[in-house]
Protein chains: 2
Amino acid sequence: MDVARLSKQDWLTAALGALAQGGVSAVAVVPLAQQLGVTRGSFYWHFTDRTALLRDALQWWEQQGTIAVIDQVASIADPRDKLRELFRIAITEDPVSGLEPALVAHADDPVVAPILRRVTERRVAFLTEAYAELGLPATRARRQALVAYSAYVGWIQLRRATPDALPEIVGDPEALAYLVDNLIGPTG
Amino acid sequence: MDVARLSKQDWLTAALGALAQGGVSAVAVVPLAQQLGVTRGSFYWHFTDRTALLRDALQWWEQQGTIAVIDQVASIADPRDKLRELFRIAITEDPVSGLEPALVAHADDPVVAPILRRVTERRVAFLTEAYAELGLPATRARRQALVAYSAYVGWIQLRRATPDALPEIVGDPEALAYLVDNLIGPTG
DNA sequence: CCACGTCCATACAGTACTGTACGGTTGACC
DNA sequence: GGTCAACCGTACAGTACTGTATGGACGTGG
């Protein structure tokens with residue numbers, strides 16, 4: 001019959017969902033097993049530890065979230081169009097709602113810290129490169145990249161803190177363009 | 001002798017610190033009591049519940065964090081100077097490091113949700129008013145307020161995610177002015 | 001058809017936290 | 001100096017989670 005055996009990936013995605021909602025401490029074996037319809041016996045076959053689950057889940061997210069999106073826009077030749085499309089994707093989409101806020105909140109966690117750091121650095125570096133292609137000198141390019149990235153981060157935070165105050169922006173194409181232009185910043 | 005009896009406020013500040021570091025689940029009675037050098041008997045005299053501690057702590061923070069800062073800049077007449085000073089304070093100071101990211105991460109929590117919502121709305125309303133004083137029409141003022149506030153939120157998040165990438169901005173007065181101007185946005 | 005690898009359930013300690021009940025200590029005030 | 005309230009320690013259940021050990025079900029290849 002369909003006894004519905006689980007793969008390692010099932011645990012990873014479930015862990016990311018729990019992490020997004022309740023933070024690191026919500027990545028617990030018992031609730032996840034209950035949610036997946038199995039017992040802890042399943043978990044301790046796939047993973048050695050609770051920490052191993054958290055680490056593997058974050059590493060998987062690191063690959064999917066960072067590399068996939070960057071690959072999606074890296075082919076765009078014009079740097080201004082590239083930034084525009086990048087921010088549009090980043091603002092409107094949100095694969096695992098609330099994950100990034102949860103990660104930032106647990107920035108001190110020994111498992112979270114290195115991965116969050118790598119992802120942030122990689123994103124800022126990509127932005128810096130794009131702004132450099134736009135003609136900014138190196139120092140100003142990195143400065144603008146930090147400003148733009150922090151604006152992006154704040155946006156996804158705000159979307160979670162007050163979800164119903166923002167559709168008035170995302171829903172209106174003109175307002176969305178206004179936001180994207182503001183994210184890109186003064187590059188003239 | 002100096003048996004160092006605790007006040008209710010001691011528990012509140014300790015709770016905010018724990019909340020900032022480990023999230024809602026870190027606001028636990030046993031660890032806090034241990035950190036304060038007492039047993040749980042003290043806690044259950046001052047508070048009825050673990051939830052009551054969390055609620056009271058957040059309400060205290062709501063008053064201190066929101067009202068105090070707004071009062072500090074509300075007297076400045078020129079709206080542009082007012083915004084400048086507001087963002088300067090918001091960017092450079094951080095009374096309880098990491099609290100706001102932790103709150104956003106637990107935006108679904110029944111205790112956190114209403115308070116976070118009130119604080120966000122109040123801040124955005126204050127910004128909207130300032131931009132209106134600057135001459136923006138109502139719709140654009142609120143839109144710009146949301147953009148500016150999300151940029152601010154992202155800044156304090158980024159400061160926590162990668163603390164050593166940002167002093168290069170805060171330390172340099174010129175770069176700080178650049179950031180503040182970018183937060184204020186195009187208001188010409 | 002049976003032997004083996006995969007996947008999961010169950011049972012057993014062990015730990016950490018929550019609430020409650022109650023008893024003890026301290027200091028102010030009459 | 002006795003009384004009362006504020007404050008805290010201790011002991012008792014109760015719950016939730018972690019890890020480990022072990023055995024069973026299930027399918028696949030020899």
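This one's a predicted model, so the numbers in the text were calculated from it and none came from an experiment. Within every chain, numbering begins at 1; the chains are lettered A, B, ... in the order of the sequence lines, protein sequences first and strands thereafter.
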Just by modelled atom types, is the B:Pro79 backbone N or O under 3.5 Å from a matching donor or acceptor in the B:Tyr131 side chain? no
Result block: side-chain N/O donor-acceptor pairs under 3.5 angstrom for residues 88-105 of chain B, not counting sequence neighbours:
residue: B:Arg88; atom: NE; partner: B:Glu85; partner atom: OE1; Å: 3.3
residue: B:Arg88; atom: NH2; partner: B:Glu85; partner atom: OE2; Å: 3.1
residue: B:Thr92; atom: OG1; partner: B:Arg88; partner atom: O; Å: 2.7
residue: B:Glu100; atom: OE1; partner: B:Arg123; partner atom: NH1; Å: 2.9
residue: B:Glu100; atom: OE2; partner: B:Arg123; partner atom: NH1; Å: 3.4
residue: B:Glu100; atom: OE2; partner: B:Arg123; partner atom: NH2; Å: 3.0

Side-chain contact, heavy-atom cut-off 4.5 Å: A:Gln144 with B:Asn182? yes
Does some side-chain heavy atom of A:Phe126 sit less than 4.5 Å from a side-chain heavy atom of A:Val69? no
Contact residues, residues 11-40 of chain B to DNA chain D [heavy atom, < 4.0 Å]: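 Listed by number, they are B:Val38, B:Thr39, B:Arg40.
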Closest heavy-atom pair and its distance - A:Ala148, A:Phe87: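 Heavy atoms only, the tightest pair is CB-CZ, 3.8 Å.
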Could you state the CG-C1' distance from B:Leu6 to D:dA6, rounded to the nearest angstrom?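 To the nearest whole Å, that distance equals 13 Å.
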In whole angstrom, what separates B:Arg5's CZ from C:dT25's P?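 Whole-Å distance recorded here is 12 Å.
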For DNA chain C, find the residues of residues 44-55 of chain B with a heavy-atom distance under 4.0 Å and give them by number; none if there aren't any.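 The answer is B:Tyr44, B:Asp49, B:Arg50.
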With sequence neighbours left out, the residues meeting ring-ring contact (aromatic ring centres under 6.0 Å, His included) with B:Tyr149 are B:Tyr152
Pairs touching residues 110-122 of chain B that satisfy side chain to side chain donor-acceptor pair (under 3.5 Å), sequence neighbours left out: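 For residues 110-122 of chain B: A:Asp164-B:Arg117, B:Glu62-B:Arg118.
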Could you pull out all donor-acceptor pairs under 3.5 Å where a side-chain atom in residues 8-32 of chain B meets a protein atom, sequence neighbours excluded?
residue: B:Asp10; atom: OD2; partner: B:Ser7; partner atom: N; Å: 2.9
residue: B:Asp10; atom: OD2; partner: B:Ser7; partner atom: OG; Å: 3.3
residue: B:Trp11; atom: NE1; partner: B:Ser42; partner atom: OG; Å: 3.4
residue: B:Thr13; atom: OG1; partner: B:Gln9; partner atom: O; Å: 3.3
residue: B:Thr13; atom: OG1; partner: B:Asp10; partner atom: O; Å: 3.1
residue: B:Ser25; atom: OG; partner: A:Ser25; partner atom: OG; Å: 2.6

